[in-house]
Number of protein chains: 2
Amino acid sequence: MADAYLADTLDPRTIVMTVRQDVHSAGIPVLCQSCEARHRGICGALDPDQLVGLAKTSSKHTVEPGSELMGDAETVDSYSNVLSGVVKLTKSLSDGRQQIVALQFAPDFLGRPFKVESVINAEAATAVSLCSFPRASVERMMRESPDLEHRLLKQTLNELDDARDWMVTLGRKTAAEKVASFLLMIARNIDPTLDPNTNPTSFELPLTRADIADFLGLTIETVSRQLTRLRTDGVIRIDNNRHVTVDSLARLASRSGA
Amino acid sequence: MADAYLADTLDPRTIVMTVRQDVHSAGIPVLCQSCEARHRGICGALDPDQLVGLAKTSSKHTVEPGSELMGDAETVDSYSNVLSGVVKLTKSLSDGRQQIVALQFAPDFLGRPFKVESVINAEAATAVSLCSFPRASVERMMRESPDLEHRLLKQTLNELDDARDWMVTLGRKTAAEKVASFLLMIARNIDPTLDPNTNPTSFELPLTRADIADFLGLTIETVSRQLTRLRTDGVIRIDNNRHVTVDSLARLASRSGA
DNA sequence: CAAAGGCTTTGACCGAAATCAAGGTATCGG
DNA sequence: CCGATACCTTGATTTCGGTCAAAGCCTTTG
């Protein structure tokens, strides 16, 4: 039996796509053991024929940072569930200015059905593990399974809400509010069960200062200065540049511009 | 037979919802004569029982500018197709700062299925005509018709792409680029068949300077100055504050930051 | 027609964030 | 351990867009 890859944890800034090889022996629940718990609808909707197809095309890809995972069907012909880690979706202007337009956390679905012209790059921001499916199988599944499409619609609507919320941040908030909003957003996504009254809270920042700047429409220096200000004001503590402790989420929220 | 309202053209900044009254006699194609051509999937999926329900609940609503059409299910309990005109979707911060997060042109579908907490206001930017359906009917339709859900997924994916494109504009473009991008976007949406080589092109601006500012994350004054600059540089002409003539779309595009 | 009010333009000035420029700090390979 | 490298912080200065203020223009209304 072939080696079974699943949920490998990889070096940051590299996305490796893995598909479990032993689909035949294990059946649907084993195909995607990790995401089965969270993506029952997406993984569970595969039928045996599709699993055979998956087994044939499964392979371990390594994709260089910055290369397109989405928006270019030829590059990487697959859809994935994010099992752990953070994937950043970016768009760039011709002169190199970049904007991160979304962060994908587990258990988000990564891929753009019904491809359109829009070019988005997907890049691993941290160590990322993915469970991938061939594009063709997913698209067939979608045609055959209204339930899958329903789940996808719900995720897409949520992503649309997130995007529009972030538009307010980009268009109307000050640098200080942007950075506070960012920290809150990360805290909530890293631990979705987070109770706003649980203090203190701490987490690892999944992004570099440069990434944060690209997400907030700021420069590295401004991000750094605002983080310093939050630190000297006693709102947060930062250890090793990445580990953030928030004493009072409410205090942070009050600086986020509501 | 009841009076048949359809596709009324209304005063700017007022949304009036209309549902044709004579559904019984006319059947599905008549329910929504105007949008039938463009929204076949959404309107055509209604079954006769639902039409009866529609007839009972149909009425002519007038909604004040700034009041919530979406995000508050109790306020206006319906979904609509935009038949003509432009609807702006806005989000606000607690202190009143506002951001327009999307513009809806015909034949967009207006409404948020599977309501989430996100609060978005919808307001008519110009004279707008709408074809509306009771919320309950649309949600039942969606449960019963995978085709409707498929169409909705496609529109939602397109809106997500638009939102993410605009995030780049908000986060990374200069004021001059933002205004040029806005004019291009309007030109393309008002006439989707627009050939980029057809010059000159002219259209009515659907937004006031204040709205444009709220869409671009700028102030009124900055928008005005940038429009003046485009005018003095000979890129556009503006008559009566609203009628814009673009001599060369390519020249405008070159200022939009790509 | 005249007055009023809303929208737009323009000008002068200001300030938040960008840019430019050093340094400092953590991590990794040898 | 040490040097190299990438990432981060801090300071000085500049600049783009915001703020404040005033005037022009267009439409509405009596």
Side-chain angles (χ1 to χ4, degrees), chain A residues 11-14 65-66 93 95-99 125-127 169-183 204-233 236-244 255 257, chain B residues 11-13 65-66 95-99 125-127 169-183 204-233 236-244 255 257:
Chain A
D11 287 337
R13 306 183 67 83
T14 300
L93 299 176
D95 64 0
R97 282 174 286 175
Q98 202 176 44
Q99 176 70 46
T126 66
T169 299
L170 289 173
R172 289 302 185 197
K173 289 187 185 175
T174 64
E177 291 169 338
K178 285 179 176 181
V179 171
S181 300
F182 170 76
L183 292 175
E204 294 294 313
L205 275 185
L207 301 186
T208 64
R209 303 292 186 269
D211 283 338
I212 298 173
D214 280 347
F215 195 36
L216 294 172
L218 299 172
T219 60
I220 299 176
E221 294 94 326
T222 299
V223 170
S224 179
R225 278 186 251 269
Q226 296 301 333
L227 286 173
T228 299
R229 187 138 169 276
L230 287 172
R231 220 172 333 114
T232 59
D233 289 357
I236 60 173
R237 225 157 47 81
I238 304 182
D239 301 305
N240 291 325
N241 276 342
R242 287 294 190 111
H243 191 82
V244 175
R255 291 177 176 239
Chain B
D11 286 338
R13 305 183 68 83
D95 64 359
R97 282 174 286 176
Q98 201 176 45
Q99 177 70 45
T126 66
T169 299
L170 289 173
R172 289 302 186 198
K173 289 187 185 174
T174 64
E177 289 168 339
K178 285 179 177 182
V179 172
S181 300
F182 170 76
L183 292 175
E204 295 294 314
L205 275 185
L207 302 186
T208 64
R209 303 292 188 270
D211 283 338
I212 299 172
D214 280 347
F215 195 35
L216 294 172
L218 299 172
T219 59
I220 299 177
E221 294 93 327
T222 300
V223 170
S224 179
R225 278 187 252 269
Q226 295 302 333
L227 286 173
T228 299
R229 188 138 169 277
L230 286 172
R231 223 174 328 118
T232 59
D233 289 358
I236 61 172
R237 227 158 45 83
I238 304 183
D239 301 305
N240 292 324
N241 275 343
R242 287 294 190 109
H243 191 83
V244 176
R255 292 178 176 237

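Both backbone and side-chain heavy atoms feed into the values below; hydrogens, waters and symmetry mates do not.
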Using a heavy-atom cut-off of under 4.0 Å over every strand shown, decide if Leu218(A) touches base, sugar-phosphate, or nothing. sugar-phosphate
Below the 4.0 Å mark, does dA17(C) have OP1 or OP2 next to a side-chain nitrogen or oxygen of Thr222(A)? no
Would you find a donor on one side and an acceptor on the other, under 3.5 Å apart, between the side chain of Arg97(A) and the backbone of Arg172(B)? yes
Counting any heavy atom closer than 4.0 Å, what does Arg231(B) reach on the DNA or RNA strands: base, sugar-phosphate only, or nothing? sugar-phosphate
In whole Å, what is the span from the CD1 atom of Ile212(A) to the P atom of dC7(D)? 13 Å
How close do Gln99(A) and Leu216(A) get, heavy atom to heavy atom, and via which atoms? NE2-N, 4.5 Å
Could you give the CZ-to-P distance, from Arg229(A) to dT9(D), as a whole number of Å? 16 Å
Of all heavy-atom pairs between Arg242(A) and Ile238(A), which one has the smallest distance, and what is that distance? N-CG2, 4.1 Å
Would you mind reading off the distance between Leu216(B) atom CG and dG18(D) atom P, rounded to a whole angstrom? 10 Å
Residue pair Leu170(A) / Phe215(A): nearest heavy atoms and the distance that separates them: CD2-O, 3.6 Å
Using whole Å, what does the distance between atom P of nucleotide dA21(C) and atom CD1 of Ile220(A) come to? 16 Å
Rounded to whole angstrom units, what separation is found between the CG atom of Leu205(A) and the P atom of dC7(D)? 15 Å
Please step through side chain to side chain contact (heavy atoms under 4.5 Å, CB included) for the pair Leu205(B) and Leu183(B), ending with a clear verdict. CA-CA 8 Å; Leu205(B) 275 185; Leu183(B) 292 175; 3.9 Å; yes
Starting from Watson-Crick (N1-N3 plus N6-O4 or O6-N4) and G-U wobble pairs under 3.5 Å, report the runs of at least three that DNA chain D belongs to. C:1-30 with D:1-30
Between the base of dT19(C) and the side chain of Arg225(A), is there a donor and acceptor pair under 3.5 angstrom? yes
Which nucleotide, dC8(D), dA17(C), dT19(D), lies nearest any side-chain atom of Arg209(A)? dC8(D)
Return yes when atom CG of Asn240(B) has more than 12 non-hydrogen atoms of other residues, nucleotides or ligands closer than 6.0 Å, and no otherwise. no
With a 4.0 Å cut-off on heavy atoms, is Thr228(A) in touch with a base, just the backbone sugar-phosphate, or nothing at all? sugar-phosphate
Can you tell me the distance, in whole Å, between the NE2 atom of His243(A) and the C1' atom of dT27(C)? 19 Å
Between Glu204(A) (side chain only) and Val244(A) (backbone N and O only), is there a donor and an acceptor less than 3.5 Å apart? no
Atom CG of Leu227(A) and atom C1' of dC7(D): how far apart are they, to the nearest Å? 13 Å
Counting heavy atoms from C-beta on, name the nucleotide in dT8(C), dG18(D), dA18(C) closest to the side chain of Thr219(B). dG18(D)
At under 4.0 Å between heavy atoms, which parts of nucleotides 21-28 of chain D does protein reach? Answer with one letter per nucleotide, 5' to 3': B base, S sugar-phosphate only, - none. --------
Rounded to the nearest Å, what distance is computed from the CG atom of residue Asp214(B) to the C1' atom of nucleotide dC7(C)? 15 Å
Arg255(A) and Leu230(A): which non-hydrogen atoms are nearest, and at how many Å? CD-CD2, 3.7 Å
Closest non-hydrogen atom pair between Leu207(A) and Ala125(A), with its separation: CD2-CB, 3.5 Å
Tell me which donor-acceptor pairs under 3.5 Å the side chains of residues 217-226 of chain B have, and how far apart each pair is, sequence neighbours excluded?
{"unit_1": "Thr219(B)", "atom_1": "OG1", "unit_2": "Thr222(B)", "atom_2": "N", "d": "3.3"}
{"unit_1": "Thr219(B)", "atom_1": "OG1", "unit_2": "Thr222(B)", "atom_2": "OG1", "d": "3.1"}

